Amino acid sequence: MKIASIIGARPQFIKCAPVSRELRKEHEEILVHTGQHYDHGMSEVFFEELAIPKPDYNLGIGSGSHGHQTGAMLGAIEDVLEKEKPDVVLVYGDTNSTLAGALAAAKLHVPVAHVEAGLRSFDRRMPEEVNRVLTDHASDLLFCPTETAVRNLAAEGISEGVFLVGDVMCDAMNYNRAVAEERSRILEEVGVRPGEYFVVTVHRPSNTDSRENMCAILSALGEAERPVVFPVHPRTRKHLSEHGLLAEMPENVRVVEPLGYLDMLHLMAHTEKILTDSGGVQKEAYMLGVPCITLRENTEWVETVEAGWNVLVGAERGRIADAIRHFSPGSRQNEIFGNGNASILIGKILARFKSARSG
Ligand code: UD1
Ligand code: UDP
């Protein structure tokens, strides 16, 4: 079976690594990088560290407004699909690259398979929520990471082609956890000791684009009685600089460039708590057994909150500072993201899909 996988942003490189490895055992895969993320630290480092095959196509789309970026991807992906004629197009997550891939395929009547289907924050102001809903409704195979995702799809009338496979980020973590432990020197490099620091990531437009929100977050971080390591996403760096806040970092906040996956994993595994507005980082915190303070008012990863390991605090200084001091999960952890074999299941389901269509 010929599969065209569409990727373009940091979390998609990490998600595709275990899936691509598995698919190539029995399928032909064409890897298409839209070029949405292009800095070495946002793209190439993941290909190197995770041994992801070199993309067959890099469309070089780059940054832009939502409409321009998604539109440029749509045309360029269509050209690739017309040339390659894949049996199925595989898309990941909820970025503009996801939507463009799904739409280009659906318009050409090529079946779409969506990894991380069914997630909902129920907040349509998030560009990702629009991308998720539209992608799911254009998909023929929907690979759900959680039971909640399956229920969300059912509530929208989607039940055919839905498979609960677990989360491919769990596969990626299982595969790389020991490697990160052995290879990463990030704690020494940033000068922190295990269990005696916090990690923060922020890149949601609702936070980065608001000076007020960023001031509140930084002010709360400044109250933490520990060093805070802050790998800064390029979007965040740009806005911090525009807001005049880069020069005003609290003394205990250590700003670093975006990290490779192994360093990030190692840093998260040994931190006391994680503060983030990322989707993937909330899940990884849970899988690593690290308390997570989410700098948003909602989340699509509701199970982490229900389990008591994640708390939603928005961008309010007082709530963030309080959670840094007092948030402490009490309950034990369950395997809510599967057991690390999502990629294997995806490979098998795709093989069955192919034989059902050709038979
Ligand atoms: C995108 C996704 C978001 C995902 C995130 C993962 C959409 C709508 N958003 O957000 O869902 O959580 O990726 O990190 O698809 N930039 C660089 N270098 C790069 C990439 C980006 O400097 O390699 C800067 C540019 O100024 C760009 C800005 O970051 O305008 C935002 O990049 P973009 O890909 O549009 O959105 P993200 O915020 O990265
Ligand atoms: N990540 C990374 N380096 C960083 C920040 C994040 O490798 O400096 C990883 C993180 O561990 C997770 C993924 O990137 O696997 C999450 O991506 P991001 O937060 O950019 O996007 P989201 O998950 O919110 O879409």
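Remember, it's 1-based here, ligands and their atoms both numbered in the order they're listed. Please read all numbers here as calculations on a predicted model, not as lab measurements. Note that the numbering runs from 1 along the sequence shown for the chain.
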Revision key, fill the gap. protein heavy-atom neighbour closest to atom 9 (N) of ligand 1 works out as Glu128 OE2, 3.6 Å
Check your understanding: Taking atom types as modelled, is there a side-chain donor on Gln12 or His33 under 3.5 Å from an acceptor on the other?
Key -> no
Practice item. Can you spot which of His27, Glu26, Glu22 makes a side chain to side chain contact (heavy atoms under 4.5 Å, CB included) with Leu350? Key: His27
Practice item. Looking only at non-hydrogen atoms, find the nearest pair between Lys2 and Glu84 and report the distance. Key: NZ-O, 2.7 Å
Check your understanding: Which is closest to atom 1 (C) of ligand 1 in terms of heavy atoms, Gln36, His233, Arg237, Met73?
Key -> Gln36
Review point. When you check the side-chain N and O atoms of Thr276 and Thr201, is any donor under 3.5 Å from an acceptor?
Key: yes
Check your understanding: Is the shortest distance from a Lys or Arg side-chain nitrogen in Glu300 or Arg120 to a carboxylate oxygen in the other one below 4.0 Å?
Key -> no
Study note, to complete from the structure: Under 4.0 Å from one or more heavy atoms of Met169, ligand 2 contributes atoms 12 (C), 15 (O)
Check your understanding: Purely on distance, is any nitrogen or oxygen of Thr95 under 3.5 Å from one on ligand 1?
Key -> no
Check your understanding: Closer than 4.0 angstrom: is that true for some heavy atom of Glu257 and an atom of ligand 2?
Key -> no
Point to revise | Residue-ligand contact Glu128/ligand 2, heavy atom below 4.0 Å | key: no
Review point. Which atoms of ligand 1 are found less than 4.0 Å from any heavy atom of Lys238?
Key: 26 (O)
Review point. Are the charged groups of Arg124 and Glu128 less than 4.0 angstrom apart, N to O?
Key: no
Review point. What protein heavy atom sits nearest atom 22 (O) of ligand 1, and how far off is it?
Key: Pro234 CB, 3.3 Å
Study note, to complete from the structure: The closest protein heavy-atom partner of atom 38 (O) of ligand 1 is Arg235 NH1, 3.0 Å
Point to revise | His239, Met126, His37, His40: member with heavy atom nearest to atom 20 (C) of ligand 1 | key: His37
Study note, to complete from the structure: Out of Gly260, Ser278, Ala285, the nearest non-hydrogen contact to atom 22 (P) of ligand 2 is supplied by Ser278
Check your understanding: Judged by modelled atom types alone, do Asn131 and Asp94 share a side-chain donor-acceptor pair under 3.5 Å?
Key -> no
Practice item. Examine Arg21 relative to Tyr175 and say whether NZ or CZ is less than 6.0 Å from the centre of the six-membered ring and inside a 45° cone about the ring axis. Key: yes
**Study point:** No-hydrogen, no-angle side-chain donor-acceptor test under 3.5 Å, Tyr92 and Ser5
**Key:** no
Check your understanding: Between the candidates Val232, Val256, Val202, Leu259, which shows the shortest non-hydrogen contact distance to atom 8 (O) of ligand 2?
Key -> Leu259
Study note, to complete from the structure: Nearest non-hydrogen contact to atom 15 (O) of ligand 1 from the set Asp39, Val130, Asn96 belongs to Asn96
Practice item. May I ask you to list the atoms of ligand 2 that are less than 4.0 angstrom from any heavy atom of Pro231? Key: 8 (O)
